[in-house]
Amino acid sequence: MADPSSALAPRDEETDIHFEPVIKLTEQVDTKTHEEDENVLFKMRAKLFRFDGDSTEWKERGTGDVRLLAHKETKKVRLVMRRDKTLKVCANHVISADMRLQPNIGSDRSWVWKVAADYSEQPPTSETLAIRFANSENAALFKTAFEDGQKDNASLGKPDSLDAKPDDEDDDEDKDEETEVKEEKEKTTEVETKEEEKKDEPKTD
């Protein structure tokens, strides 16, 4: 009778068969978030809520780092917040001048504001958001950075100097100079013509 344990014993003729994978995943795929083109102006951990009009209740949107980002070229400032672990966006909107941070009733570490177009979901939606920080000091720092971002966005598009002339004014000056040059040429031509006519006149004794 064969020993059952012999079936588990290694055999000389057995070979270690190795299969090469058909596709080697050696290249890493870079996922762009468009945040690579922005500078971080502010970053702090917080918890975000949105007001649900149907249930008239505050619902949690996520916990993570809220950041204010300024685009390196356009300089426009926006607010972006991602949830911990999943990194799913729970807030994404430009900081406009009409936004007002209002203190949440009964709390000195949270703010409430309205957003006309929040792009964390598609299509963008109008939201009433609330954010809560660990303490009142962090909440005050957020308010300062938020309002600074509003000022930066409001200043975009203005001329570097108040003394700068509008383009149409420069065009008018160029036209005036061209007119003056043209008139000078006409006067010179007229004088030369008269001199030539005097030369051609017959002399009388």
Side-chain angles (χ1 to χ4, degrees), residues 23 25-162 164:
I23 301 175
L25 301 178
T26 57
E27 296 182 359
Q28 295 182 350
V29 179
D30 294 332
T31 303
K32 292 188 176 182
T33 62
H34 300 292
E35 297 173 16
E36 300 84 2
D37 301 327
E38 296 169 302
N39 294 321
V40 180
L41 304 179
F42 178 88
K43 179 181 177 181
M44 189 168 289
R45 186 173 176 80
K47 181 174 289 188
L48 187 71
F49 301 84
R50 64 174 290 271
F51 186 75
D52 186 358
D54 295 333
S55 62
T56 64
E57 293 179 348
W58 287 101
K59 293 189 176 181
E60 183 177 341
R61 258 203 172 182
T63 301
D65 290 331
V66 58
R67 294 174 298 159
L68 301 183
L69 307 177
H71 197 276
K72 295 177 181 178
E73 293 183 2
T74 65
K75 308 301 179 184
K76 188 174 286 292
V77 181
R78 65 173 177 146
L79 182 149
V80 176
M81 185 171 178
R82 292 179 179 272
R83 297 188 182 100
D84 286 341
K85 297 181 181 179
T86 63
L87 300 181
K88 181 177 175 60
V89 176
C90 56
N92 177 19
H93 64 80
V94 175
I95 301 177
S96 59
D98 59 342
M99 294 179 181
R100 294 290 180 270
L101 291 181
Q102 302 291 339
N104 195 12
I105 299 176
S107 176
D108 61 351
R109 58 192 182 103
S110 62
W111 301 104
V112 178
W113 72 100
K114 293 184 179 181
V115 182
D118 179 69
Y119 288 85
S120 58
E121 302 289 344
Q122 291 297 331
T125 56
S126 175
E127 300 286 353
T128 299
L129 301 177
I131 193 166
R132 187 173 67 200
F133 295 90
N135 50 57
S136 59
E137 289 79 9
N138 290 353
L141 291 173
F142 171 76
K143 185 175 188 294
T144 300
F146 190 96
E147 292 176 347
D148 287 344
Q150 287 181 304
K151 294 176 183 177
D152 292 341
N153 284 345
S155 65
L156 296 177
K158 291 184 178 180
D160 295 336
S161 173
L162 295 177

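Along the sequence shown, the residues carry numbers beginning at 1.
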Pairs flagged by salt bridge (Lys or Arg N to Asp or Glu O under 4.0 Å) wherever residues 115-137 is involved - sequence neighbours left out: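 Salt bridge (Lys or Arg N to Asp or Glu O under 4.0 Å) check on residues 115-137 returns Arg50-Glu127, Arg61-Asp118, Arg61-Glu127.
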Atom [atom1] in [X], atom [atom2] in [Y]: separation rounded to 0.5 Å?
{"X": "Asn92", "Y": "Leu79", "atom1": "CG", "atom2": "CG", "result": "8.0 Å"}
{"X": "Asp65", "Y": "Met44", "atom1": "CG", "atom2": "CE", "result": "9.5 Å"}
{"X": "Arg83", "Y": "Leu48", "atom1": "CZ", "atom2": "CG", "result": "9.0 Å"}
{"X": "Thr128", "Y": "Asp52", "atom1": "OG1", "atom2": "CG", "result": "11.0 Å"}
{"X": "Phe49", "Y": "Leu129", "atom1": "CZ", "atom2": "CG", "result": "11.5 Å"}
{"X": "Lys75", "Y": "Asp152", "atom1": "NZ", "atom2": "CG", "result": "10.5 Å"}

Expected output: side-chain [X] to main-chain [Y] donor-acceptor under 3.5 Å:
{"X": "Asn153", "Y": "Val77", "result": "yes"}
{"X": "Gln150", "Y": "Ser96", "result": "yes"}
{"X": "Thr144", "Y": "Ala140", "result": "yes"}

NZ (Lys72) with more than 12 external heavy atoms under 6.0 Å: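 Yes, NZ of Lys72 has more than 12 neighbouring heavy atoms, counting only those of other groups under 6.0 Å.
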Neighbour count above 12 (heavy atom, 6.0 Å) for Ile105 CD1: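 Counting other residues, nucleotides and ligands, CD1 of Ile105 stays at 12 neighbours or fewer.
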From CA spacing to verdict: side chain to side chain contact (heavy atoms under 4.5 Å, CB included), Arg45, Asp84: CA-CA 10 Å; Arg45 186 173 176 80; Asp84 286 341; 2.7 Å; yes
Do [X] and [Y] touch side chain to side chain, with heavy atoms closer than 4.5 Å?
{"X": "Arg78", "Y": "His71", "answer": "no"}
{"X": "Val115", "Y": "Met99", "answer": "yes"}
{"X": "Glu35", "Y": "Val40", "answer": "no"}

Do you know which two heavy atoms are closest between [X] and [Y], and how far apart they sit?
{"X": "Ala46", "Y": "Val66", "answer": "CB-CG1, 4.2 Å"}
{"X": "Gln122", "Y": "Pro124", "answer": "OE1-CD, 3.7 Å"}
{"X": "Ser120", "Y": "Ala91", "answer": "CB-N, 3.7 Å"}
{"X": "Ala139", "Y": "Asp108", "answer": "CB-O, 4.0 Å"}

Glu73 vs Asp37, side chain to side chain contact (heavy atoms under 4.5 Å, CB included): CA-CA, chis, key distance, verdict: CA-CA 8 Å; Glu73 293 183 2; Asp37 301 327; over 6 Å; no
Set of residues satisfying ring-ring contact (aromatic ring centres under 6.0 Å, His included) with respect to Phe51, sequence neighbours excluded: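 Once residues adjacent in sequence are excluded, the partners of Phe51 under the ring-ring contact (aromatic ring centres under 6.0 Å, His included) criterion are Trp58.
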Contacts of Phe142 that satisfy ring-ring contact (aromatic ring centres under 6.0 Å, His included) - sequence neighbours left out: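 If we apply the ring-ring contact (aromatic ring centres under 6.0 Å, His included) test to Phe142, skipping adjacent residues, the hits are Phe42, Phe133, Phe146.
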Electrostatic pair Lys151:Glu147 at N-O distance under 4.0 angstrom: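 Salt bridge between Lys151 and Glu147, a charged N being under 4.0 Å from a carboxylate O: no.
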